[in-house]
Amino acid sequence: MLTVRDIVKAFGGVRAVDGVGFVVAPGALVGLIGPNGAGKTTLFNCLSGALRPDSGTIELDGVPVQGLAPHRIFARGLARTFQIPRPFPEMSVLENVMLAAKDQAGESFWRNWISVGRVAAEERRNRARAMHWIDFVGLSDLAERPARVLSGGQRKLLELARVMTAEPKLVLLDEPAAGVAPRLLEQIIERIAELNRRGVTFLLIEHNLDMVMRLCGHVLVMAQGRLLTEGTPEAVRADPRVVEAYLGGVPA
């Protein structure tokens with residue numbers, strides 16, 4: 001699904017991502033962990049098109065996408081969420097989710113005048129699809145409320161519904177547990193696990209290691225811009241290099 005080879009991204013003399021490479025198989029749920037400053041978010045920005053890598057290749061389903069604009073990578077099936085969700089606050093939850101549907105005829109000014117029936121029919125389908133995902137994440141009671149009333153955890157659920165409305169091949173999740181109350185965190189974990197069981201492929205950054213160990217079948221560890229190690233959650237957790245990267249030394 002995703003093949004990353006020797007990605008480098010530098011800012012001045014600092015290599016935030018330094019020769020990172022890995023593979024994400026179709027249907028996998030892969031965790032990306034590492035201490036603050038390891039380069040995880042910079043890597044995500046390279047994968048999603050927010051940053052252009054200095055060198056290396058990124059292939060989605062065998063097609064190179066490195067250096068493409070974010071909307072073009074999104075159109076090819078790679079979508080992402082953010083550590084701090086920023087929905088349109090005065091739009092309803094439903095409207096925020098409907099925005100994510102790809103290739104909407106109503107996005108063309110002239111089609112709203114010359115293809116009124118087509119635009120209206122497509123909007124009805126998009127509304128039904130958006131409501132399906134809103135119900136899936138447990139926000140149906142808030143569908144008509146403005147997004148500004150949502151808590152931090154509910155905004156994470158809104159983002160998950162919005163990204164699924166786009167029918168992506170691969171979803172990049174950026175710290176879905178950050179700032180989320182325990183009750184909603186369980187809901188987020190359950191929804192991600194259910195989507196993965198349905199075949200959705202995920203790559204997620206997360207500092208909540210318990211969540212990573214519960215969800216992920218494979219874990220990548222970054223430190224100082226490089227891929228330190230990768231493997232099963234159990235193998236990664238037992239690796240002294242991982243303990244040293246997080247804690248600065250191996251405890252006695």
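For reference, positions follow the sequence shown, starting with 1.
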Euclidean distance, Phe88 CZ relative to Arg148 CZ, rounded to 0.5 Å: 16.0 Å

Approximate separation, where rounding is to 0.5 Å, of Leu158 CG and Leu142 CG: 10.0 Å

Same apolar cluster (I L V M F W Y, side chains within < 4.5 Å links), Leu203/Val4: yes

Euclidean distance, Ile205 CD1 relative to Thr41 OG1, rounded to 0.5 Å: 4.5 Å

Spatial distance of atom CZ (Arg145) from atom CG (Leu139) [nearest 0.5 Å]: 12.0 Å

Leu47/Ile58 under side chain to side chain contact (heavy atoms under 4.5 Å, CB included): CA gap, chis, key distance, verdict: CA-CA 7 Å; Leu47 297 178; Ile58 302 166; 3.9 Å; yes

Side chain to side chain, Asp239 and Val236, heavy atoms closer than 4.5 Å: no

Any Phe136 side-chain heavy atom under 4.5 Å of Leu195 side chain: yes

Sub-4.5 Å side-chain heavy-atom contact between Val242 and Arg237: no

Output a table of donor-acceptor pairs, distance under 3.5 Å, between side-chain atoms of residues 225-234 and any protein atom two or more places apart or on a different chain; print 'none' if there are none.
from	atom 1	to	atom 2	distance (Å)
Arg226	NE	Asp18	OD2	3.0
Arg226	NH2	Asp18	OD2	3.2
Thr229	OG1	Arg241	NH2	3.3
Glu230	OE1	His218	NE2	2.7
Thr232	OG1	Ala235	N	3.2

Single-linkage hydrophobic cluster Val149~Val180, side-chain heavy atoms < 4.5 angstrom: yes

Non-hydrogen side-chain atoms of Ser55 and Val8 separated by less than 4.5 Å: yes

Shortest non-hydrogen separation from Ser140 to Asp135 and the atoms involved: OG-OD1, 3.7 Å

Main-chain N/O of Leu51 paired to Lys9 side chain as donor or acceptor, under 3.5 Å: no

Step-by-step side chain to side chain donor-acceptor pair (under 3.5 Å) determination, Arg80 to Asn45: CA-CA 10 Å; Arg80 72 169 292 182; Asn45 287 337; 2.6 Å; yes

Backbone of Ile33 reached by a side-chain donor or acceptor of Lys40 within 3.5 Å: no

For the student: nearest non-hydrogen atoms of Asp54 and Ala10, plus distance: OD2-N, 2.7 Å

Heavy-atom pair with the smallest gap, counting every atom of Pro176 and Ile188: O-CD1, 3.8 Å

Side-chain touch Leu29/Ile192, heavy atoms, less than 4.5 angstrom: yes

Val163 with Phe202, same ILVMFWY side-chain cluster at under 4.5 Å: yes

Working for side chain to side chain contact (heavy atoms under 4.5 Å, CB included), residues Ser48 and Ile73: CA-CA 6 Å; Ser48 63; Ile73 294 177; 5.5 Å; no

Side chain to side chain, Thr201 and Val171, heavy atoms closer than 4.5 Å: no

Side chain to side chain, Leu172 and Leu78, heavy atoms closer than 4.5 Å: yes

ILVMFWY cluster, Ile189 and Trp133 together (side-chain gap under 4.5 Å): yes

Test: Arg155 and Glu159 ion pair at under 4.0 Å: no

Test item: Val17 and Phe44 side chains (from C-beta on) under 4.5 Å apart, heavy atoms: no

Spatial distance of atom CG (Leu32) from atom CG (Leu173) [nearest 0.5 Å]: 11.5 Å

Nearest heavy-atom neighbours spanning Ser151 and Leu184: OG-CD1, 3.7 Å

Salt bridge (charged side-chain N to carboxylate O under 4.0 Å, His left out) pairs, two or more places apart, involving residues 202-214: Glu186-Arg214

Minimum heavy-atom distance between Lys156 and Phe82, given as atom pair plus value: CE-O, 4.1 Å

Candidate pair Asp6 and Val20, rule side chain to side chain contact (heavy atoms under 4.5 Å, CB included), full reasoning: CA-CA 5 Å; Asp6 297 322; Val20 170; over 6 Å; no

Nearest heavy-atom neighbours spanning Gly138 and Gln187: CA-NE2, 3.8 Å

Expected output: side-chain Lys169 to main-chain Val200 donor-acceptor under 3.5 Å: no

Side chain Glu95, main chain Ser92, donor-acceptor under 3.5 Å: yes

Nearest-0.5 Å distance that lies between atom OG1 in Thr165 and atom CE in Met98: 9.5 Å

Hphob cluster co-occupancy, Leu150 + Met131, side-chain heavy atoms under 4.5 angstrom: yes

CD (Gln224) with more than 12 external heavy atoms under 6.0 Å: no

Derivation of the side chain to side chain contact (heavy atoms under 4.5 Å, CB included) call for Arg129 and Glu167: CA-CA 10 Å; Arg129 185 189 309 154; Glu167 300 179 333; 3.9 Å; yes

Flag if over 12 foreign heavy atoms under 6.0 Å of CZ, Arg183: no

Under 3.5 Å: donor-acceptor pair, side chain of Glu194, backbone of Arg191: no

